[in-house]
Amino acid sequence: MNRRVMPMYALADCNNFYASCERVFDPSLEGRPVVVLSNNDGCVIARSQEAKDLGVRMGEPIFKCRQRMKNDSLVIRSSNYTLYDDMSRRVVESIRAFIPDIEVYSIDEVFLNLEPLAGRDVDLICRRARRAVLQWTGIPISIGIGTTKTLAKLANRIAKKDPSAQGVHRLPTLESERIGPLAETAVEDVWGIGRRWAKRLHEIGIRSALDLAQAPPVEIRRGFNVVAMRTALELRGTPCQEVEDVEAVRKTLVRSRSFGSMITEWTDMSEAIASHATRAAEKLRSEGGHAGRISVFLRTNRFREDLPQYGRSGSRELQPATNTTPVIIAQALDLGRRLWRPGYHYKKAGVVLCELEFDDVQGSLFDQRDHERDTRLMTTLDRINRRMGAETVHPAAIGFKKRRRWSMRQSFRSPRYTTRWTDIPRTGP
DNA sequence: TCTGGGGTCCTAGGACCC
DNA sequence: TCTGGGGTCCTAGGACCC
């Protein structure tokens, strides 16, 4: 008989990832409440277990935790993505040694396809992988197992919450045996159900994951959309999403920042836009892509209700598609100039590159630029900045002031332990 | 004083064409 | 002067994720 094997998915998720990374390189943080802040040191984006226990909330603005910082010696770190990216890569490679068919879903999550391991003890393999990751990288992870991605996510929550799971939890294959755990999971804790949908689901009497699983799919589709319906189906055990083992080709590339302080002058704004354009172009070149369209946006501070609000975006075609910094800066500045209105306090701006192409780009007959020269220039520029440090060579449009009004605050950053020679940890004097 | 940044997918509605 | 349906393409906005 040729029976199809039961699909089986797992989600491996790093515990308190950024806080754990900070801890790996500074063991004195062990046992202490640690939080990691967003860019600009604005709000909390990661918390160690101790910080969670203190009641520090995700996304909480840091100025609201000042008291706790004093009382409970809360440790604060600015985010250090260079470090986290590198640690993430190490975690992924460690997992891959045990389970080869994986999809890197985010900086701290990996979906695993366990179907090829059918007949083997998947729980045991996952436990071994977990132990190895901790041993090789110092990062604790949890693994949830289920017959769909959404159920694997749910199992992962249980693996994290229930100490008896010891970091790995598998939901039963039989639907009837999943009733308990699904009934105990609030619908807002289901992957794919955000705040807005949760509120509307509650209004129609759907409160738990079980309620959603048992709701008629067509009704969910009618009341919400196909994405919500797929989530409901996955909760019943019907897979609607596969493990995507080939890396997805990106469709857009954004560089944007809130300013360290608000901006009222076009010269400051133009420097910020030129800087975003430069960094977006750099990133695009590093991935070997070209952009066929560029969009720029700027806006005021939406939290300052006492100030007049303004926000706009504009876009235009790039013909031919390009990744040349001066071209992208020129277009970005021209767009920005059109959006700019004096008299406002601006808080944020950004550059979006879209219609990305990763194949060879056809030149236009009517295009006057010397593309080979552009490419040589950009390659040289990238090489210098990679070796000598970012922005060793940079376009004049970004400005030369040491302390730029628009650049971000980062008061608590840890060293780049793994990616910068001078920051490598040393032992002894 | 102080509130992140970078993504994807889906849908509705308008423009335009036949 | 009034009136149709159907298709495609594009964009803006809304929802979600980490």
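By convention in this document, chain letters (A, B, ...) are assigned in the order of the sequence lines, proteins followed by strands, and residues within each chain are numbered from 1.
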Would you mind classifying the nucleic acid contact of [X] as base, sugar-phosphate or nothing, using non-hydrogen atoms under 4.0 angstrom?
X	answer
A/L253	sugar-phosphate
A/Y105	sugar-phosphate
A/K153	sugar-phosphate

Can you find a side chain N or O atom of [X] that sits less than 4.0 Å from OP1 or OP2 on [N]?
X	N	value
A/K347	B/dT3	yes
A/T252	B/dG6	no
A/R255	B/dG6	yes

Report the distance from atom CD of A/E60 to atom P of B/dT3, rounded to the nearest whole Å.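 Value for this atom pair: 14 Å.
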
Measure from OH on A/Y81 to P on B/dG6 and round the result to the nearest Å.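 Taking atom P of B/dG6 as the reference, OH of A/Y81 is at 9 Å.
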
With a 4.5 Å heavy-atom cut-off, do A/I193 and A/L212 have their side chains touching?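 Heavy-atom side-chain distance check passes, below 4.5 Å.
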
With the side chain counted from C-beta on, respond yes when A/I139 and A/D108 share a heavy-atom pair under 4.5 Å apart, and no when they do not.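 No, their side chains stay 4.5 Å or more apart.
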
Closest-nucleotide 5' rank along DNA chain B - winner of A/V249 and A/C43: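 Its nearest nucleotide lies further toward 5', so the answer is A/C43.
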
State whether A/E93 and A/R96 are salt-bridged, where the test is any N-O pair (Lys NZ or Arg NE/NH1/NH2 against Asp/Glu carboxylate O) under 4.0 Å.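 Salt bridge flag = yes for A/R96 with A/E93.
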
Could you tell me whether A/R337 and A/D334 have a side-chain N and a carboxylate O separated by less than 4.0 Å?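 Looking at A/R337 and A/D334, the cut-off is not met.
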
Partner lookup for B/dC9, please. Criteria are Watson-Crick or G-U wobble with both distances under 3.5 angstrom; report none if nothing qualifies.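 Partner of B/dC9: C/dG14.
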
